[in-house]
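We count residues from 1, following the sequence as given. Keep in mind that what you see is a predicted model, and the values were worked out from it rather than measured.
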Amino acid sequence: FVQHKFQGIINQPVRPVKSFWTMELGVIEEKYPHIECLSVGPTEIGVYPSPYKINIAQIQVLYTLLLKIHANQNQECQ
């Protein structure tokens, strides 16, 4: 669902990428397997911890994506 919505916003294919931060999500998923988890964020530039940077221009796109996800959740709950 999220990948489809994201592709619709940016009009190009999206591929999931694992990063340093998604490891934390894996720990949460192991502890609470009944919860659906999602981690989204801007493209990481550089290597953690230094010179760690992100693509700030993607923040508006991600905000739009989160609004669409939220709107869909509200529709499913009604």
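Distance CG/L66 to NE2/H70: 10.5 Å, rounded to 0.5 Å. Going from atom CD1 of I54 over to atom CD1 of I59 covers 4.5 Å, rounded to the nearest 0.5 Å.
At a threshold of 4.5 Å between side-chain heavy atoms, the hydrophobic network of Ile, Leu, Val, Met, Phe, Trp and Tyr places L67 and F6 in two separate groups.
Summarising the geometry of I9 relative to V61, their closest heavy-atom pair is CG2-CG1, 3.9 Å, with the distance given to 0.1 Å. Contact record, Q12 with Q7: O-CG, 3.4 Å, taken as the closest heavy-atom pair.
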